[in-house]
There are 2 protein chains.
Amino acid sequence: MLKISELAALTGLSAHTIRFYEKHGLIEASQRSGSGYRYYSDADVKRAVFVKSARNTGFSLDDIGVLLSIRLDKQSHSCQEVTDITQHKLDEVNERLAELQTMRRTLERLLESCCGGPENATHCSIIEALDGGAVTVTRRAS
Amino acid sequence: MLKISELAALTGLSAHTIRFYEKHGLIEASQRSGSGYRYYSDADVKRAVFVKSARNTGFSLDDIGVLLSIRLDKQSHSCQEVTDITQHKLDEVNERLAELQTMRRTLERLLESCCGGPENATHCSIIEALDGGAVTVTRRAS
DNA sequence: GTTGACCTTCGAGTTAACTCTAAGTTTATA
DNA sequence: TATAAACTTAGAGTTAACTCGAAGGTCAAC
């Protein structure tokens with residue numbers, strides 16, 4: 001059984017974040033000492049690792065809640081439920097990637113166009129480009 | 001001179017957002033009617049277009065504040081100041097892109113590994129992969 | 001037996017950029 | 001003239017995921 005700081009060291013989450021996740025139903029300590037200290041079993045640790053992996057993969061805390069409920073009762077859920085969530089997240093990631101790639105192209109072009117020197121900015125081509133409204137990117141809807 | 005809804009239509013910003021930007025010193029109405037209605041001159045419109053372009057390009061409102069102060073007094077600022085801001089933003093965008101690309105790769109691999117069918121999730125390879133903690137991505141510092 | 005590290009809860013604060021509401025005024029239209 | 005659309009301000013609410021602080025209890029070591 002691990003104490004919270006040990007679980008923190010193991011997962012890379014902070015103790016604060018572990019308690020925060022607990023409040024949101026993502027992680028739990030199956031035991032408490034008489035004085036209230038949290039103690040984490042092997043199963044608790046695995047669950048925490050799952051949460052951390054899912055977080056690293058980009059899933060929201062809400063997504064993770066759903067994934068955990070599937071993980072807890074695999075018999076009652078299909079693979080398709082899992083791939084649906086995963087595909088949806090991939091779609092979001094791709095959408096955001098497209099936006100950021102457009103921004104990158106724009107920023108690179110701006111940098112190429114400007115001398116970047118110590119001259120004063122009277123004819124700075126970056127300022128001019130932004131003035132012209134030439135830039136057209138759409139921000140994410142979510 | 002345009003009214004706020006006309007400026008909104010022209011820039012694609014909402015009237016709410018225009019007032020919000022005004023509160024933050026990014027946009028201003030150089031005139032007010034006796035009853036307090038905002039009226040935007042050509043110069044005001046250009047400034048609003050600048051703000052919108054910069055926003056589309058990914059600059060934060062704080063960045064835009066700095067860019068506007070340069071734009072307002074180009075003589076006292078160098079091109080380098082402008083490219084510094086732009087380069088910094090490009091660095092941020094690239095960093096976020098790298099994170100998202102890692103997420104994308106992970107999500108794609110997860111999807112490839114799972115049947116996605118109506119079978120129950122007892123042996124779902126996505127759940128298993130997340131359980132294994134196999135996924136390793138670092139979230140952004142900012 | 002005391003010091004210091006670690007633990008507890010509860011609740012507030014942070015960040016960024018909006019977004020909305022309410023209550024009231026002004027203007028344009030039919 | 002009546003009504004609807006558009007405008008005003010001030011301030012609160014939203015979102016996501018933490019992050020921090022205060023006030024105090026617990027535990028291990030020396």
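Throughout, protein chains are lettered first and strands after them, A, B, ... in sequence-line order, and every chain is numbered starting at 1.
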Once side-chain contact (heavy atoms from CB on, under 4.5 Å) is applied, do any residues pair with [X], and if so which ones, sequence neighbours excluded?
X: B/His16; value: B/Ser14, B/Arg19
X: B/Cys124; value: A/Cys79, A/Val82, B/Cys114, B/Ala121, B/Ile126, B/Ile127
X: A/Leu10; value: A/Leu2, A/Val45, A/Val49
X: B/Glu128; value: B/His123

Tell me the interatomic distance from [X], atom [atom1], to [N], atom [atom2], rounded to whole angstroms.
X: B/His24; N: D/dG11; atom1: NE2; atom2: P; result: 14 Å
X: A/Arg32; N: C/dC7; atom1: CZ; atom2: P; result: 12 Å
X: A/Phe59; N: D/dC18; atom1: CZ; atom2: P; result: 15 Å
X: A/Tyr40; N: C/dT8; atom1: OH; atom2: C1'; result: 12 Å
X: A/Ile27; N: D/dA17; atom1: CD1; atom2: C1'; result: 13 Å
X: B/Asn56; N: C/dC18; atom1: CG; atom2: P; result: 10 Å
X: A/Leu13; N: D/dT19; atom1: CG; atom2: C1'; result: 14 Å

- Item | Of the listed nucleotides C/dA17, D/dA17, D/dG11, the one nearest the side chain of B/Lys23 | D/dG11
- Nearest to side-chain heavy atoms of A/Leu61, which nucleotide of D/dT8, C/dT8, D/dA17: D/dA17
Between the protein and nucleotides 27-30 of chain D, which nitrogen or oxygen pairs come in under 3.5 angstrom?
from: D/dC27; atom 1: OP1; to: A/Ser35; atom 2: OG; distance (Å): 3.1

- Note on the structure: residues 32-43 of chain A vs salt bridge (charged side-chain N to carboxylate O under 4.0 Å, His left out), sequence neighbours excluded, gives A/Glu22-A/Arg32, A/Glu22-A/Arg38
- Message: Restricting to side chain to side chain donor-acceptor pair (under 3.5 Å), what partner residues turn up for B/Asp62, sequence neighbours left out?
- Response: none
Quick one: is [N] close enough that its OP1 or OP2 comes under 4.0 Å of any side-chain N or O from [X]?
X: B/Arg55; N: C/dA17; result: yes
X: A/Ser5; N: C/dC7; result: yes
X: B/Arg38; N: D/dC7; result: no

- Run the salt-bridge test on A/Glu99 and A/Arg96 with the 4.0 Å N-O cut-off and return the result as yes or no. yes
- Message: Between A/Glu6 and A/Lys3, does any side-chain N to carboxylate O distance fall below 4.0 Å?
- Response: no
- Cluster companions of B/Met1 among Ile, Leu, Val, Met, Phe, Trp, Tyr (side-chain spacing under 4.5 Å): B/Tyr37, B/Tyr39
- Could you check which residues of residues 14-22 of chain A get a heavy atom under 4.0 Å from DNA chain C? Sort them by number, please. A/Arg19
